[in-house]
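Structure first, commentary second.
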Amino acid sequence: MKFTAEQIAGILEGEVVGNPMAEVFRLSKIEEGAEGSLTFLSNPKYLNFIYSTKASVTIVNETFEPESPLTTTLIKVKDAYAAFSKLLEFYNQVKLNKSGIEQPSFLSQSVKYGDNLYLGSFSYVGQNVVLGENVKIYPNCFVGDNVIIGDNVILFAGAKIYSETEIGNNCTIHSGAIIGADGFGFAPNPDGTYTKIPQIGNVIIEDNVDIGSCTTIDRATMGSTIIRKGVKLDNQIQIAHNVEIGENTVIAAQTGVAGSTKIGQNGMIGGQVGISGHLTIGNNVRIQAQSGVGRNIKDDEILQGSPTFGYNDFSKSYVHFKNLPKIVAEIEELKKQILNQKNGYNG
């Protein structure tokens with residue numbers, strides 16, 4: 001899809017300096033600009049590249065005045081960085097604005113769906129599913145029976161949504177994510193074997209949630225596993241049965257949260273964090289990467305370590321961790337000196 005400098009300037013409310021009919025069909029960094037590409041300049045660190053870039057169109061701040069001849073057409077705006085971000089969002093909307101039902105795919109006769117549905121090839125939508133407006137289901141997706149999906153939801157290729165799951169508005173589920181698989185529930189038997197405990201609950205995902213690729217969210221044993229509004233989950237995260245994650249909490253990749261733990265609002269949890277089950281994590285909590293959490297956490301705590309303790313205490317202690325061999329040697333030397341003094345020696 002091609003756009004002219006004039007069309008882009010119209011979207012950004014900017015001024016064209018150069019050829020208004022210059023066409024672009026891809027985005028690039030300014031130092032890697034090529035003919036047909038659109039780039040931007042906002043950081044003075046990259047100023048020199050504007051005189052050598054081969055990008056057809058460059059977005060710049062309205063205060064920019066070139067000191068040498070340019071080959072690129074300029075679009076002057078108040079804030080080049082903000083304008084380019086706006087353009088990326090627009091570009092993404094255009095790129096993702098697919099509609100129609102591709103074949104082969106399966107859409108149950110009992111499904112109810114709103115306007116502008118896109119259903120990609122080899123996707124399956126089961127019985128009694130309700131889909132809102134502008135839902136985009138990419139190829140090879142599975143949507144089980146009795147699922148409810150709100151407006152403006154995207155399921156990227158290969159996402160699997162098990163039965164009874166509820167998804168709110170403006171959510172994005174990335175490729176390979178699995179929502180609503182059975183929780184890990186098994187009862188031990190006297191002979192050492194295990195009996196599976198039926199997982200009859202569901203998963204509820206509220207509005208404005210992002211779920212990364214290959215992240216898994218298990219259905220509740222009873223009741224619901226709940227992901228509240230505005231939560232952002234990175235790739236390859238495991239959320240176990242009956243977990244609740246509070247509004248606007250963000251969790252980085254490879255974190256695991258065990259069953260029935262409740263995480264508060266506005267938390268920030270780093271990568272590879274392990275959180276035990278049946279805990280309560282407060283609001284505004286910060287947990288550093290690779291920490292292990294095995295106790296309840298109060299509001300506003302900042303934690304690191306495995307097991308975790310206060311971040312400031314961890315930082316102070318780490319100075320000593322690094323010097324432990326030296327400290328041990330010094331202690332041994334002091335012990336020798338004390339022993340020698342007791343035995344009547346000096347030096």
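For the numbers below, each heavy atom of this structure counts, side chains included, while hydrogens, waters and symmetry mates do not.
- Of the N and O atoms on the side chains of Thr221 and His241, at least one donor lies less than 3.5 Å from an acceptor on the other residue.
- Using a 3.5 Å distance cut-off with no hydrogens or angles, the side chains of Gln265 and Asn283 do not pair a donor with an acceptor.
- Looking at residues two or more places apart in sequence or on another chain, you find a ring pair (Phe, Tyr, Trp, His ring centres under 6.0 Å) between Tyr124 and Phe106, Phe142.
- In this structure, the side chain of Glu32 does not engage the main chain of Lys29 through any donor-acceptor pair within 3.5 Å.
- Between the side chain of Lys98 and the backbone N or O of Asn116 there is no donor-acceptor pair closer than 3.5 Å.
- Heavy-atom contacts from other residues, nucleotides or ligands closer than 6.0 Å to NZ of Lys229 number 12 or fewer.
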Let me see the working for Asn296 and Ile281 under side-chain contact (heavy atoms from CB on, under 4.5 Å), right down to the final yes or no. CA-CA 6 Å; Asn296 294 334; Ile281 310 295; over 6 Å; no
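- Between Ile101 and Tyr113, the shortest heavy-atom distance links the atoms CD1-OH, 4.0 Å.
- Ile204 and Ile217 fall into different hydrophobic clusters, where Ile, Leu, Val, Met, Phe, Trp and Tyr residues are linked whenever their side-chain heavy atoms come under 4.5 Å apart, directly or through other members.
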May I have the step-by-step check of salt bridge (charged side-chain N to carboxylate O under 4.0 Å, His left out) for Glu332 and Lys335, ending in yes or no? CA-CA 5 Å; Glu332 291 298 327; Lys335 286 168 65 177; 3.7 Å; yes
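- A continuous path of ILVMFWY side-chain contacts below 4.5 Å connects Phe84 to Val24, so both sit in one hydrophobic cluster.
- Atom CD1 of residue Ile263 and atom CD1 of residue Ile227 lie 8.5 Å apart, to the nearest 0.5 angstrom.
- Here Asn128 contributes atom CG and Asp145 contributes atom CG; the two are 7.0 Å apart, rounded to the nearest 0.5 Å.
- Proximity of Gln288 to Ile302: side-chain heavy atoms (C-beta onward) are separated by under 4.5 Å at one or more points.
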Apply the test ring-ring contact (aromatic ring centres under 6.0 Å, His included) to residues Tyr138 and Tyr118: give CA-CA distance (whole Å), side-chain angles for both, the deciding distance (0.1 Å), then the verdict. CA-CA 7 Å; Tyr138 279 76; Tyr118 168 64; 5.3 Å; yes
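- Defined by atom type and a distance below 3.5 Å, a donor-acceptor pair is present between the side-chain atoms of Asp191 and Thr193.
- Side chain to side chain, Gln127 and Ser108 meet the donor-acceptor criterion of an N or O pair below 3.5 Å.
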Kindly indicate, with the supporting measurements, whether the criterion side chain to side chain donor-acceptor pair (under 3.5 Å) is fulfilled by Asn284 and Glu301. CA-CA 7 Å; Asn284 309 306; Glu301 287 199 55; over 6 Å; no
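- Contact record, Asp151 with Asn169: N-OD1, 2.8 Å, taken as the closest heavy-atom pair.
- In this structure, Thr261 contributes its side chain and Leu279 its backbone to a donor-acceptor pair below 3.5 Å.
- Contact record, Cys141 with Ile137: CB-CG2, 3.5 Å, taken as the closest heavy-atom pair.
- Under the 3.5 Å distance criterion, with hydrogens and angles disregarded, no donor-acceptor pair is assigned to the side chains of Ser291 and Gln304.
- Taking OG1 of Thr172 as the reference point, atom CD1 of Ile167 lies at 10.5 Å (rounded to 0.5 Å).
- If you check the side chains of Gln254 and Asp234, you find no donor sitting under 3.5 Å from an acceptor.
- Considering all non-hydrogen atoms of both residues, Gly259 and Ala240 come closest at N-CB, 3.4 Å.
- Residues Ile75 and Leu87 share a hydrophobic cluster, clusters being chains of Ile/Leu/Val/Met/Phe/Trp/Tyr side chains in contact below 4.5 Å.
- One N or O on the side chain of Gln199 and one on the backbone of Ile197 form a donor-acceptor pair closer than 3.5 Å.
- Counting all heavy atoms, side chain and backbone alike, Tyr162 lies closest to Val147 at O-CG2, 3.3 Å.
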Passes side chain to side chain donor-acceptor pair (under 3.5 Å), Asn202 versus Ser224? Steps please. CA-CA 5 Å; Asn202 73 336; Ser224 300; 2.6 Å; yes
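- When every heavy atom of Glu102 is checked against every heavy atom of Gly120, the shortest pair comes out as OE1-CA, 3.5 Å.
- Electrostatic pairing of Arg286 and Asp300 does not count as a salt bridge here, judged by no charged N lying under 4.0 Å from a carboxylate O.
- Residue Phe184 is not grouped with residue Ile200 when hydrophobic side chains (ILVMFWY) are merged at heavy-atom distances under 4.5 angstrom, including chains of intermediate members.
- In summary, Lys78 and Glu62 do not engage in a salt bridge, as defined by a charged side-chain N under 4.0 Å from a carboxylate O.
- Note on Glu65 versus Lys76: salt bridge recorded, some NZ/NE/NH1/NH2 to OD/OE distance being below 4.0 Å.
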Derivation of the side-chain contact (heavy atoms from CB on, under 4.5 Å) call for Ile245 and Ile226: CA-CA 6 Å; Ile245 300 178; Ile226 303 175; over 6 Å; no
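- Through side-chain heavy atoms spaced under 4.5 Å, either directly or across other Ile, Leu, Val, Met, Phe, Trp or Tyr residues, Phe49 is tied to Val17, Ile30, Leu41, Tyr46, Leu47, Ile50, Tyr51, Val60, Phe64, Leu70, Leu74.
- With salt bridges taken as basic N to acidic carboxylate O contacts below 4.0 Å, none links Lys86 and Glu89.
- Defined by atom type and a distance below 3.5 Å, a donor-acceptor pair is present between the side-chain atoms of Asn152 and Asn134.
- Contact check for Ile149 versus Leu155: side-chain heavy atoms found under the 4.5 Å cut-off.
- Side-chain contact between Leu303 and Arg295 is present, with heavy atoms from C-beta onward closer than 4.5 Å.
- Counting non-hydrogen atoms of neighbouring residues, nucleotides and ligands closer than 6.0 angstrom, the CD atom of Glu35 reaches no more than 12 such neighbours.
- Applying the 6.0 Å contact sphere to CD of Glu6 captures no more than 12 heavy atoms from other residues, nucleotides or ligands.
- Side chain to side chain, Thr225 and Asn242 fail the donor-acceptor criterion of an N or O pair below 3.5 Å.
- Using modelled atom types, one side-chain atom of Thr72 and one backbone atom of Ala55 make a donor-acceptor pair closer than 3.5 Å.
- When hydrophobic clusters are built by joining Ile, Leu, Val, Met, Phe, Trp and Tyr residues whose side-chain heavy atoms come closer than 4.5 Å, directly or via intermediates, Leu27 is grouped together with Leu12.
- Ion pairing of Glu244 with Arg228 is present here, as a side-chain N (NZ or NE/NH1/NH2) and a carboxylate O approach within less than 4.0 Å.
- Qualifying side chain to side chain donor-acceptor pair (under 3.5 Å) partners for Ser37, counting only residues two or more places apart in sequence or in other chains: Ser28.
- Counting only distance, with no hydrogens or angles, the side chain of Thr255 and the backbone of Ile251 share no donor-acceptor pair below 3.5 Å.
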